[in-house]
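What follows is a single structure, written as C-alpha coordinates, with notes after it.
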Amino acid sequence: MTTRKRYWLMKSEPNDFSIDDLERVGTEPWTGVRNYQARNFMRDSMQVGDGVLFYHSNTEVPGIYGIAEVAGAPHPDPTQFKKKSKYFDAKASHEEPRWFLIDVGFVRKLERPIPLEEIRSHADRLGEDFALIRKGSRLSVLPVTAAQWKYLLALE
DNA sequence: GCCAACGTTGGC
DNA sequence: GCCAACGTTGGC
(Lines give C-alpha, C1' and ligand atoms only; values in the text may rest on other atoms or scores of the structure.)
Protein backbone atom coordinates (compact mmCIF):
# COMPACT_ATOMS: atom_id res chain seq x y z
CA MET A 1 0.00 0.00 0.00
CA THR A 2 1.29 3.41 -0.81
CA THR A 3 0.67 6.50 1.18
CA ARG A 4 0.72 10.00 -0.05
CA LYS A 5 3.96 11.92 0.09
CA ARG A 6 4.77 13.53 3.42
CA TYR A 7 6.98 16.42 4.35
CA TRP A 8 9.58 16.93 7.06
CA LEU A 9 12.15 19.33 8.36
CA MET A 10 15.54 18.06 9.48
CA LYS A 11 18.09 20.11 11.40
CA SER A 12 21.81 19.86 11.06
CA GLU A 13 24.65 21.97 12.35
CA PRO A 14 26.47 23.09 9.21
CA ASN A 15 29.82 22.80 11.01
CA ASP A 16 29.00 19.15 11.31
CA PHE A 17 27.09 18.45 8.10
CA SER A 18 25.74 21.11 5.74
CA ILE A 19 23.61 21.19 2.61
CA ASP A 20 26.87 21.60 0.67
CA ASP A 21 28.16 18.40 2.23
CA LEU A 22 24.96 16.65 1.19
CA GLU A 23 25.33 17.98 -2.35
CA ARG A 24 28.86 16.57 -2.42
CA VAL A 25 27.98 13.09 -1.18
CA GLY A 26 24.51 12.80 -2.71
CA THR A 27 23.05 10.60 0.00
CA GLU A 28 23.77 10.50 3.72
CA PRO A 29 22.58 8.18 6.50
CA TRP A 30 21.12 10.45 9.17
CA THR A 31 23.19 9.16 12.07
CA GLY A 32 23.24 10.46 15.61
CA VAL A 33 19.61 11.23 16.37
CA ARG A 34 19.14 10.33 20.04
CA ASN A 35 15.70 11.67 20.70
CA TYR A 36 12.81 9.24 20.79
CA GLN A 37 10.27 11.46 19.09
CA ALA A 38 12.64 12.21 16.22
CA ARG A 39 13.52 8.52 15.99
CA ASN A 40 9.88 7.56 15.83
CA PHE A 41 9.28 9.88 12.90
CA MET A 42 12.16 8.27 11.00
CA ARG A 43 11.33 4.71 11.99
CA ASP A 44 7.54 4.79 11.70
CA SER A 45 6.43 7.58 9.43
CA MET A 46 9.02 8.45 6.83
CA GLN A 47 8.76 6.94 3.38
CA VAL A 48 11.09 6.97 0.42
CA GLY A 49 10.34 10.06 -1.65
CA ASP A 50 9.08 12.22 1.20
CA GLY A 51 10.19 15.85 1.01
CA VAL A 52 12.70 17.24 3.50
CA LEU A 53 13.49 20.84 4.31
CA PHE A 54 17.19 20.96 5.18
CA TYR A 55 17.68 23.31 8.12
CA HIS A 56 20.94 24.74 9.45
CA SER A 57 20.99 25.16 13.24
CA ASN A 58 23.58 26.60 15.59
CA THR A 59 24.93 28.92 12.96
CA GLU A 60 25.08 32.63 12.22
CA VAL A 61 21.81 32.66 10.28
CA PRO A 62 19.76 29.63 11.25
CA GLY A 63 17.17 28.70 8.65
CA ILE A 64 16.18 26.50 5.73
CA TYR A 65 19.00 26.16 3.21
CA GLY A 66 17.95 23.37 0.90
CA ILE A 67 15.63 20.59 -0.13
CA ALA A 68 16.33 16.92 0.32
CA GLU A 69 14.30 13.75 0.20
CA VAL A 70 13.96 10.51 2.06
CA ALA A 71 16.17 8.19 0.04
CA GLY A 72 16.07 4.91 1.91
CA ALA A 73 13.95 2.77 4.20
CA PRO A 74 14.46 2.94 7.97
CA HIS A 75 17.23 0.81 9.42
CA PRO A 76 19.24 0.73 12.66
CA ASP A 77 21.72 3.56 13.14
CA PRO A 78 25.11 1.77 12.99
CA THR A 79 26.79 4.33 15.25
CA GLN A 80 24.85 3.02 18.27
CA PHE A 81 26.94 -0.19 18.13
CA LYS A 82 30.33 1.48 17.73
CA LYS A 83 32.13 1.86 21.03
CA LYS A 84 34.37 4.57 19.68
CA SER A 85 31.50 6.64 18.34
CA LYS A 86 30.18 9.54 20.35
CA TYR A 87 26.77 8.13 19.49
CA PHE A 88 27.52 4.74 21.05
CA ASP A 89 24.66 3.42 23.16
CA ALA A 90 25.56 0.62 25.57
CA LYS A 91 21.91 -0.27 25.99
CA ALA A 92 21.40 -0.99 22.31
CA SER A 93 22.09 -4.37 20.72
CA HIS A 94 21.89 -5.79 17.20
CA GLU A 95 19.00 -7.94 18.40
CA GLU A 96 17.24 -4.95 19.89
CA PRO A 97 18.46 -1.78 18.25
CA ARG A 98 17.30 1.38 19.92
CA TRP A 99 18.03 3.97 17.22
CA PHE A 100 16.83 4.01 13.65
CA LEU A 101 17.56 6.29 10.75
CA ILE A 102 16.72 6.93 7.13
CA ASP A 103 19.01 8.03 4.31
CA VAL A 104 18.68 11.60 3.13
CA GLY A 105 19.23 12.43 -0.54
CA PHE A 106 20.19 15.80 -1.99
CA VAL A 107 17.59 17.55 -4.13
CA ARG A 108 18.67 21.17 -4.40
CA LYS A 109 19.90 24.18 -2.51
CA LEU A 110 17.49 27.07 -2.09
CA GLU A 111 18.13 30.08 -4.31
CA ARG A 112 17.95 32.05 -1.10
CA PRO A 113 18.01 30.61 2.43
CA ILE A 114 14.90 31.27 4.46
CA PRO A 115 16.09 32.54 7.85
CA LEU A 116 14.43 31.41 11.05
CA GLU A 117 13.72 35.03 11.86
CA GLU A 118 11.70 35.37 8.68
CA ILE A 119 9.91 32.08 9.29
CA ARG A 120 8.92 33.36 12.73
CA SER A 121 7.41 36.46 11.18
CA HIS A 122 4.97 34.18 9.35
CA ALA A 123 3.94 32.30 12.48
CA ASP A 124 0.33 33.33 12.08
CA ARG A 125 0.17 31.70 8.67
CA LEU A 126 2.21 28.63 9.58
CA GLY A 127 0.21 27.81 12.69
CA GLU A 128 0.86 27.67 16.39
CA ASP A 129 1.58 23.96 16.24
CA PHE A 130 4.53 24.22 13.86
CA ALA A 131 7.28 22.55 15.90
CA LEU A 132 10.08 24.60 14.37
CA ILE A 133 8.86 27.80 15.95
CA ARG A 134 6.95 26.44 18.90
CA LYS A 135 8.39 27.79 22.12
CA GLY A 136 10.81 25.40 23.74
CA SER A 137 10.69 22.85 20.93
CA ARG A 138 14.09 21.43 20.04
CA LEU A 139 13.07 18.55 17.83
CA SER A 140 15.66 17.90 15.13
CA VAL A 141 13.28 15.91 12.92
CA LEU A 142 9.78 17.25 12.66
CA PRO A 143 6.73 17.00 10.42
CA VAL A 144 5.73 19.75 8.02
CA THR A 145 2.27 19.85 6.48
CA ALA A 146 1.81 20.13 2.73
CA ALA A 147 0.43 23.61 3.26
CA GLN A 148 3.44 24.67 5.36
CA TRP A 149 5.82 23.20 2.79
CA LYS A 150 4.18 25.14 0.00
CA TYR A 151 4.02 28.34 2.01
CA LEU A 152 7.65 28.19 3.13
CA LEU A 153 8.99 27.49 -0.34
CA ALA A 154 6.96 30.35 -1.75
CA LEU A 155 9.14 32.61 0.43
CA GLU A 156 12.28 31.49 -1.38
C1' DG B 1 29.74 32.22 25.82
C1' DC B 2 25.22 32.47 28.04
C1' DC B 3 21.23 30.41 29.34
C1' DA B 4 16.23 28.88 28.88
C1' DA B 5 13.84 24.92 27.91
C1' DC B 6 13.61 20.35 27.64
C1' DG B 7 14.78 15.22 28.09
C1' DT B 8 16.97 11.62 30.69
C1' DT B 9 18.85 9.41 34.65
C1' DG B 10 18.91 7.56 39.05
C1' DG B 11 18.24 7.82 44.15
C1' DC B 12 14.71 7.26 47.19
C1' DG C 1 6.33 7.29 40.87
C1' DC C 2 8.54 11.64 42.27
C1' DC C 3 11.84 14.91 41.41
C1' DA C 4 16.60 16.86 41.72
C1' DA C 5 20.60 16.79 39.13
C1' DC C 6 22.62 16.65 35.01
C1' DG C 7 23.30 16.89 29.94
C1' DT C 8 21.85 18.69 25.50
C1' DT C 9 19.84 21.77 22.12
C1' DG C 10 20.03 25.79 19.81
C1' DG C 11 18.89 30.83 19.59
C1' DC C 12 20.97 34.92 20.67
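All values below were derived from every heavy atom in this structure, side-chain atoms included, with hydrogens, water molecules and symmetry-related copies excluded.
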Can you tell me how far [atom2] of [N] sits from [atom1] of [X], to the nearest Å?
X	N	atom1	atom2	value
A/Leu9	C/dT9	CG	C1'	15 Å
A/Asp16	C/dT8	CG	C1'	14 Å
A/Met10	C/dT9	CE	P	15 Å

Dot-bracket for DNA chain B, please, read 5' to 3', with Watson-Crick or G-U wobble pairs under 3.5 Å on both distances, ( ) within the strand, [ ] crossing, | other strand, . unpaired. ||||||||||||
Can I get a per-line list of side-chain donor-acceptor pairs under 3.5 Å for residues 121-128 of chain A, giving both atom names and the distance, sequence neighbours left out?
unit_1, atom_1, unit_2, atom_2, d
A/Ser121, OG, A/Glu118, O, 2.6
A/His122, ND1, A/Tyr151, OH, 2.7

List the atom pairs, donor and acceptor, that lie under 3.5 Å between side-chain atoms in residues 96-107 of chain A and the rest of the protein, sequence neighbours left out.
unit_1, atom_1, unit_2, atom_2, d
A/Arg98, NH1, A/Tyr36, OH, 3.1
A/Trp99, NE1, A/Asp89, OD2, 2.8

Give the table of side-chain donor-acceptor pairs shorter than 3.5 Å for residues 51-69 of chain A, with sequence neighbours excluded, one pair per line with atom names and distance.
unit_1, atom_1, unit_2, atom_2, d
A/His56, NE2, A/Ile19, N, 3.1
A/Asn58, ND2, A/Glu13, OE2, 3.3
A/Tyr65, OH, A/Val61, O, 2.6

Partners meeting salt bridge (charged side-chain N to carboxylate O under 4.0 Å, His left out) with A/Lys82 (sequence neighbours left out):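 Counting only residues at least two positions away or on another chain, A/Lys82 forms no salt bridge (charged side-chain N to carboxylate O under 4.0 Å, His left out).
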Does A/Glu23 have any salt bridge (charged side-chain N to carboxylate O under 4.0 Å, His left out) partners at least two apart in sequence or in another chain, and if so, which?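 Checked A/Glu23 against salt bridge (charged side-chain N to carboxylate O under 4.0 Å, His left out); zero matches.
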Excluding sequence neighbours, so at least two apart, what forms ring-ring contact (aromatic ring centres under 6.0 Å, His included) with A/Phe88?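 Partners of A/Phe88 under the ring-ring contact (aromatic ring centres under 6.0 Å, His included) test: none.
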Which pairs with one or both residues in residues 133-143 of chain A pass side-chain hydrogen bond (donor to acceptor under 3.5 Å, both in side chains), sequence neighbours excluded?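 Counting only pairs at least two positions apart or across chains, no side-chain hydrogen bond (donor to acceptor under 3.5 Å, both in side chains) contact touches residues 133-143 of chain A.
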Taking only nitrogen or oxygen atoms into account, show me every contact under 3.5 Å that the protein makes with nucleotides 10-12 of chain C, one pair per line with its distance.
unit_1, atom_1, unit_2, atom_2, d
C/dG10, OP1, A/Lys11, NZ, 3.2
C/dG10, OP1, A/Arg138, O, 2.6
C/dG10, N7, A/Asn58, ND2, 3.3
C/dG11, OP1, A/Tyr55, OH, 2.6
C/dG11, OP2, A/Asn58, N, 3.0

If you assign A/Lys135 and A/Tyr36 each to the DNA chain B nucleotide with the nearest heavy atom, which residue ends up on the more 5' nucleotide?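 Counting from the 5' end, the first nearest nucleotide belongs to A/Lys135.
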Does one side chain, of A/Arg34 or A/Thr79, offer a donor that lies under 3.5 Å from an acceptor on the other?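 Yes, A/Thr79 and A/Arg34 have a side-chain donor paired with an acceptor closer than 3.5 Å.
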